[in-house]
Amino acid sequence: MKYVLFVYGDEKPWADAGAAEREAVYAQWGAYESLLTEHGARRGGNELAASATATTIRKQDGQVLITDGPFAETVEQISGYMVVEAADQAQAVEFAKAQPGEVFLRAVHDYGLDHLAPAEAPPGVRYTLLVYGPGGQEATPEQAAASAQEHYAYIELLLARGAFLDTVALQGLDTAAIVRKPGEGVLITHGPFAETVEHLGGYYEIVAKDLDEAIELAKALPEPVVEVRPVVEYSG
């Protein structure tokens with residue numbers, strides 16, 4: 001089963017870090033990715049640009065509100081994510097414990113869409129669209145089917161625009177676990193990492209020519225709240 005390990009935390013220490021400190025952190029991440037590769041568990045992932053670069057789109061009563069900044073103005077923000085293949089949640093938690101940062105994880109629905117991902121990313125700027133919706137509300141079969149059709153139509157739109165890279169739909173909050181590392185210890189709890197009305201339901205990875213196009217594509221997403229974040233890319 002696939003799990004997404006979301007890395008989160010206070011962004012200030014990273015913003016204040018010098019070149020040597022950042023180099024050391026990236027070395028830790030390189031070792032972690034090697035560990036996942038050795039286990040045959042790595043399935044993808046991205047580092048996200050700082051939450052200050054985020055744009056949030058909210059839809060309510062037929063209106064669309066676009067604001068600068070992340071979905072939730074909290075000290076702890078998502079800074080990236082890693083997709084892993086694990087036998088069960090226990091193994092996913094073990095992978096999360098080995099990550100350099102603090103992590104919350106969720107199981108992934110398998111809708112058999114892996115074949116839609118392009119072999120090579122099209123030219124452009126990569127963005128992650130973090131999708132938020134009401135938490136704790138179980139959809140009826142009819143609602144779930146209607147939502148799936150809306151998302152399939154959205155994927156078709158992205159494919160037609162040459163913008164689709166990947167998508168992940170998260171399973172319910174009952175699959176959520178949080179791995180915190182206070183001091184030298186490890187604390188594992190279950191449930192969402194933020195007590196908000198809306199909860200993260202999944203994400204899309206897209207490519208666009210610029211932020212304006214990314215926002216345009218995000219507005220077409222059939223969900224009430226979408227946070228648009230640039231993906232950190234490195235040359236060389």
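Values below: every heavy atom of this structure, side chains too, minus hydrogens, waters and symmetry copies.
Phe6 and Phe104 have parallel rings, their planes meeting at less than 30° on a 0 to 90° scale where 60° marks the start of perpendicular. Aromatic ring pairs are classed by plane angle as parallel below 30°, tilted from 30° to 60° and perpendicular above 60°; the pair His109 and Tyr111 is parallel.
Val103 and Met1 fall within the same hydrophobic cluster, defined by Ile, Leu, Val, Met, Phe, Trp and Tyr side-chain heavy atoms under 4.5 Å apart, directly or through other members. Tyr154 and Leu200 sit in two unconnected hydrophobic clusters of ILVMFWY residues. Membership requires side-chain heavy atoms under 4.5 Å apart, directly or through other members. Grouping the Ile, Leu, Val, Met, Phe, Trp and Tyr side chains by contacts below 4.5 angstrom, directly or via other members, places Val231 apart from Leu129. Residues Leu157 and Phe164 are members of one and the same hydrophobic cluster, defined by side-chain heavy-atom contacts under 4.5 angstrom among Ile, Leu, Val, Met, Phe, Trp and Tyr. Residues Tyr132 and Tyr8 are members of one and the same hydrophobic cluster, defined by side-chain heavy-atom contacts under 4.5 angstrom among Ile, Leu, Val, Met, Phe, Trp and Tyr.
Side-chain contact between Leu5 and Val7 is absent, with no heavy atoms from C-beta onward closer than 4.5 Å. You'll find the side chain of Val226 stays beyond 4.5 Å of the side chain of Leu130, heavy atoms only. Between Ile215 and Ile66, some side-chain heavy-atom pair lies under the 4.5 Å cut-off. Side-chain contact between His190 and Gln89 is present, with at least one heavy-atom pair separated by less than 4.5 Å. For the pair Gln91 and Asp88, the minimum side-chain heavy-atom distance is below 4.5 Å. Side-chain contact check for Pro118 versus Leu165: some heavy-atom pair is nearer than 4.5 Å. Within the 4.5 Å cutoff, the side chain of Ser51 has heavy atoms near those of the Arg229 side chain. Side-chain contact between Ile206 and Arg126 is absent, with no heavy atoms from C-beta onward closer than 4.5 Å.
For the pairing with Tyr204, the side chain to side chain contact (heavy atoms under 4.5 Å, CB included) check across Val131, Val228, Asp166 returns one residue only, Val131.
By the 6.0 Å contact criterion, CG on Asp110 is open, its count of non-hydrogen atoms from other residues, nucleotides or ligands being 12 or less.
In this structure, Asp16 does not pair ionically with Arg22, as no charged nitrogen and carboxylate oxygen lie closer than 4.0 Å. A salt bridge is defined here as a Lys NZ or Arg NE, NH1 or NH2 lying under 4.0 Å from an Asp or Glu carboxylate O, and Arg42 with Glu85 fails to meet this definition. Salt-bridge annotation for Lys219 and Glu216: absent, with no side-chain N of the basic residue lying under 4.0 Å from a carboxylate O of the acidic one.
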Step by step, would you call Arg58 with Glu227 a salt bridge (Lys or Arg N to Asp or Glu O under 4.0 Å)?
-> CA-CA 9 Å; Arg58 296 178 182 272; Glu227 180 182 324; over 6 Å; no
Is there a side chain to side chain contact (heavy atoms under 4.5 Å, CB included) between Ile188 and Arg180 once you walk through the steps?
-> CA-CA 6 Å; Ile188 300 171; Arg180 298 181 185 271; over 6 Å; no
Test Arg43 against Tyr3 for side-chain hydrogen bond (donor to acceptor under 3.5 Å, both in side chains), laying out the working first.
-> CA-CA 9 Å; Arg43 296 293 182 270; Tyr3 290 81; over 6 Å; no
Show the numbers, then the answer: is there a side chain to side chain contact (heavy atoms under 4.5 Å, CB included) between Val207 and Val125?
-> CA-CA 5 Å; Val207 63; Val125 183; 5.8 Å; no
Evaluate the side chain to side chain contact (heavy atoms under 4.5 Å, CB included) criterion for residues Leu170 and Tyr203: first the C-alpha distance (whole Å), next the side-chain angles of each, then the deciding distance (0.1 Å), finally the verdict.
-> CA-CA 8 Å; Leu170 301 176; Tyr203 62 80; 5.6 Å; no
Using the side chain to side chain contact (heavy atoms under 4.5 Å, CB included) rule, take Asn46 and Val232 through it: C-alpha gap first, then chi angles, then the decisive distance, then the call.
-> CA-CA 7 Å; Asn46 283 309; Val232 176; over 6 Å; no
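Note that OH of Tyr152 and CG of Leu159 are 13.0 Å apart. Values are rounded to the nearest 0.5 Å. Rounding to the nearest 0.5 Å gives a distance of 8.5 Å between CD of Glu205 and OG1 of Thr167. Note that CG of Leu105 and CD1 of Ile178 are 9.0 Å apart. Values are rounded to the nearest 0.5 Å. The CD atom of Glu47 lies 10.5 Å from the CE atom of Met82; values are rounded to the nearest 0.5 Å. To the nearest 0.5 Å, atom CG of residue Asp10 and atom CD of residue Gln77 are 9.5 Å apart. To the nearest 0.5 Å, atoms OG (Ser79) and CD (Glu102) are separated by 10.5 Å.
A donor-acceptor pair under 3.5 Å is formed between the side chain of Glu21 and the backbone N or O of Gly18. Here the side chain of Lys181 pairs a donor or acceptor atom with the backbone of Gly101 at under 3.5 angstrom.
Here the shortest heavy-atom pairing between His151 and Leu221 reads CE1-CD2, 3.7 Å. For the residue pair Ala107 and Thr175, the shortest heavy atom distance occurs at N-OG1, 3.2 Å. The two residues Thr56 and Phe71 make their nearest non-hydrogen contact at OG1-N, 3.2 Å. When all heavy atoms of Glu223 and Ser147 are compared, the pair lying nearest together is OE2-OG, 4.3 Å. Minimum interatomic distance between Lys59 and Ala220 (heavy atoms only, all atoms of both residues): NZ-C, 4.2 Å. Here the closest heavy-atom approach between residue Ala208 and residue Ala214 is recorded as CB-N, 3.7 Å.
Ring centroids of Trp14 and Tyr26 are separated by less than 6.0 Å, placing the two rings close together.
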